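Below: the structure, in structure tokens.
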Amino acid sequence: IYAEAAEVAGNTVSGNMVAAPGTYNDGYGGGLYASSSTVTGNQVVDNVVSAYSDARGGGVYVTGSTAAGNEVTGNECTSRIAYGGGLYANASAVSGNTVSDNLSTASGSNVLGGGIYATSTSNLSDNVVSGNVSTADDYVYGGGVRQSDGNFTGNTVVGNSSLATKKEVQGGGVWFDSEGAFTGNTVADNVSTSIAVDQPIYGAGVYLIGNGLFEENGIVRNEADTNLAFVYGAGAYLSSAAEANCNTVTNNVLENSDHAGGIYVPDGKDLAFNGSNLFGNDGYDPVSYTHLTLPTRSWQCRSRWGPGR
């Protein structure tokens, strides 16, 4: 389906393919492409984008649109660079969708968002992103979701798998670069694997940069597996969050590595850290940091952490 300034509702879109095999060709929206439209209540299943250069949105590509209440499952994005195995959103509102069991494969380069890729102030809320699989020769940026700009609120990102064969994984569950809010999300049971020697993993659950608010999230049971390399936060890597308040970061796992099992804050970064619970994480540091303000809102909540297993 191609839609422009239209309402697309209640359809089943399945078994379609966009192929762009020529050198430097791109492919967009294996099942549905929508511009300035409203996309609601559709089932977009088992579609494919295969391109030489960029593949964007294995199931759905939306720009300047609203995508709500859709089921986007079993789609595939294959290219040198794969953006959003299930859904690609540009300057769009994306809410209440289920994006699951999609496949993103990047031969020779990177996967950006195994389930959803969102950019240009797209806001994501109340979506379920689960069971998506990403495999990249180089980098995986966001095994479940990769978002630049906008807010990320109330989403559930669970059970996604990321494999980087030559480079590293950043954000096994979510990669987030925004000054917007990252609040009220559950990021759990995501698995990140980097198999090249000395290639690290940054945030098996969440990789966050961009000076936004990181608050009231549950980062639980994410797993990082490397080839004897460091893991910088099996739970979360917080590079430049403005504040991290009232989060629960528990039972995140390191395999073949050792470092911060809970949260990693890079050297020289300042972070106001309030009312968070960190327990049962692997590694020798539940929180690794050099500049941490603790607490800044003691009247509201206190931070607690304990040793790993």
Side-chain angles (χ1 to χ4, degrees), residues 1-6 8-37 39 42-65 67 70-92 94 97-120 122 129-148 160-167 175:
I1 295 176
Y2 177 91
E4 187 169 356
V8 183
N11 301 284
T12 298
V13 185
S14 66
N16 301 285
M17 182 175 186
V18 172
T23 303
Y24 307 119
N25 286 339
D26 302 334
Y28 298 81
L32 192 157
Y33 180 105
S35 175
S36 303
S37 296
V39 180
N42 300 282
Q43 290 186 321
V44 184
V45 182
D46 297 334
N47 302 283
V48 177
V49 174
S50 178
Y52 174 86
S53 185
D54 294 353
R56 306 189 181 213
V60 177
Y61 182 104
V62 290
T63 180
S65 298
N70 301 284
E71 180 181 336
V72 184
T73 62
N75 301 284
E76 183 175 346
C77 218
T78 301
S79 184
R80 289 181 63 255
I81 306 177
Y83 298 82
L87 189 150
Y88 183 107
N90 177 67
S92 296
V94 179
N97 302 282
T98 297
V99 181
S100 63
D101 301 321
N102 300 286
L103 175 64
S104 294
T105 304
S107 300
S109 195
N110 310 321
V111 168
L112 295 87
I116 298 176
Y117 177 93
T119 189
S120 300
S122 292
V129 183
S130 66
N132 300 286
V133 176
S134 300
T135 302
D137 282 348
D138 287 342
Y139 297 89
V140 176
Y141 299 106
V145 179
R146 198 251 198 213
Q147 180 173 0
S148 297
N160 301 284
S161 299
S162 302
L163 171 64
T165 61
K166 296 179 183 177
K167 297 294 184 179
W175 191 102

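We count residues from 1, following the sequence as given. As the structure is a computational prediction, the values presented were derived from the model and not from experiment.
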Starting at [atom1] of [X], measure out to [atom2] of [Y] and round the result to the nearest 0.5 Å.
| X | Y | atom1 | atom2 | answer |
| --- | --- | --- | --- | --- |
| Leu103 | Asn132 | CG | CG | 9.0 Å |
| Ile1 | Asn11 | CD1 | CG | 4.5 Å |
| Asp46 | Asn16 | CG | CG | 10.0 Å |
| Asp137 | Ile81 | CG | CD1 | 12.0 Å |
| Leu163 | Ser134 | CG | OG | 9.5 Å |
| Arg80 | Ser109 | CZ | OG | 5.5 Å |

Q) Is there a side chain to side chain contact (heavy atoms under 4.5 Å, CB included) between Ser148 and Trp175 once you walk through the steps? A) CA-CA 8 Å; Ser148 297; Trp175 191 102; 3.9 Å; yes
Over all heavy atoms of both residues, which pair between [X] and [Y] is shortest? Give the atoms and the distance, please.
| X | Y | value |
| --- | --- | --- |
| Asn110 | Ala106 | O-CB, 3.2 Å |
| Gly64 | Ser92 | N-OG, 3.2 Å |
| Asn97 | Asn70 | OD1-N, 2.8 Å |
| Ala91 | Ser122 | N-OG, 3.0 Å |
| Cys77 | Ala55 | SG-O, 3.2 Å |
| Ala5 | Ser37 | N-OG, 3.2 Å |

Q: Would you please classify the geometry between the Tyr2 ring and the Tyr33 ring as parallel, tilted or perpendicular, with 30° and 60° separating the classes?
A: parallel
Q: If the plane angle is over 60° it's perpendicular, under 30° parallel, otherwise tilted; pick one for Tyr117 and Tyr88.
A: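 Parallel, since the angle between the ring planes stays under 30°.
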Q | Whether Ser65 side chain and Ser36 backbone form a donor-acceptor pair below 3.5 Å | A | yes
**Q.** Candidate pair Val45 and Thr12, rule side chain to side chain contact (heavy atoms under 4.5 Å, CB included), full reasoning
**A.** CA-CA 8 Å; Val45 182; Thr12 298; 5.6 Å; no
Q. Does the side chain to side chain contact (heavy atoms under 4.5 Å, CB included) test come out yes or no for Asn25 and Ser53, once each step is laid out?
A. CA-CA 5 Å; Asn25 286 339; Ser53 185; 5.9 Å; no
Q: For Asn90 and Ser120, test the side chains for any donor-to-acceptor distance below 3.5 angstrom and give the result as yes or no.
A: yes
Q | Distance under 6.0 Å and angle within 45° of ring axis: Arg56 vs Tyr83 | A |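 The answer is yes; both the distance and angle limits are met.
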**Q.** Stepwise side chain to side chain contact (heavy atoms under 4.5 Å, CB included) test for Asn42 and Val13
**A.** CA-CA 8 Å; Asn42 300 282; Val13 185; 5.5 Å; no
Q | side chain to side chain contact (heavy atoms under 4.5 Å, CB included) partner of Val60, chosen from Val94, Asn47, Val44 | A |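 Going through the options one by one, the only one that passes is Val44.
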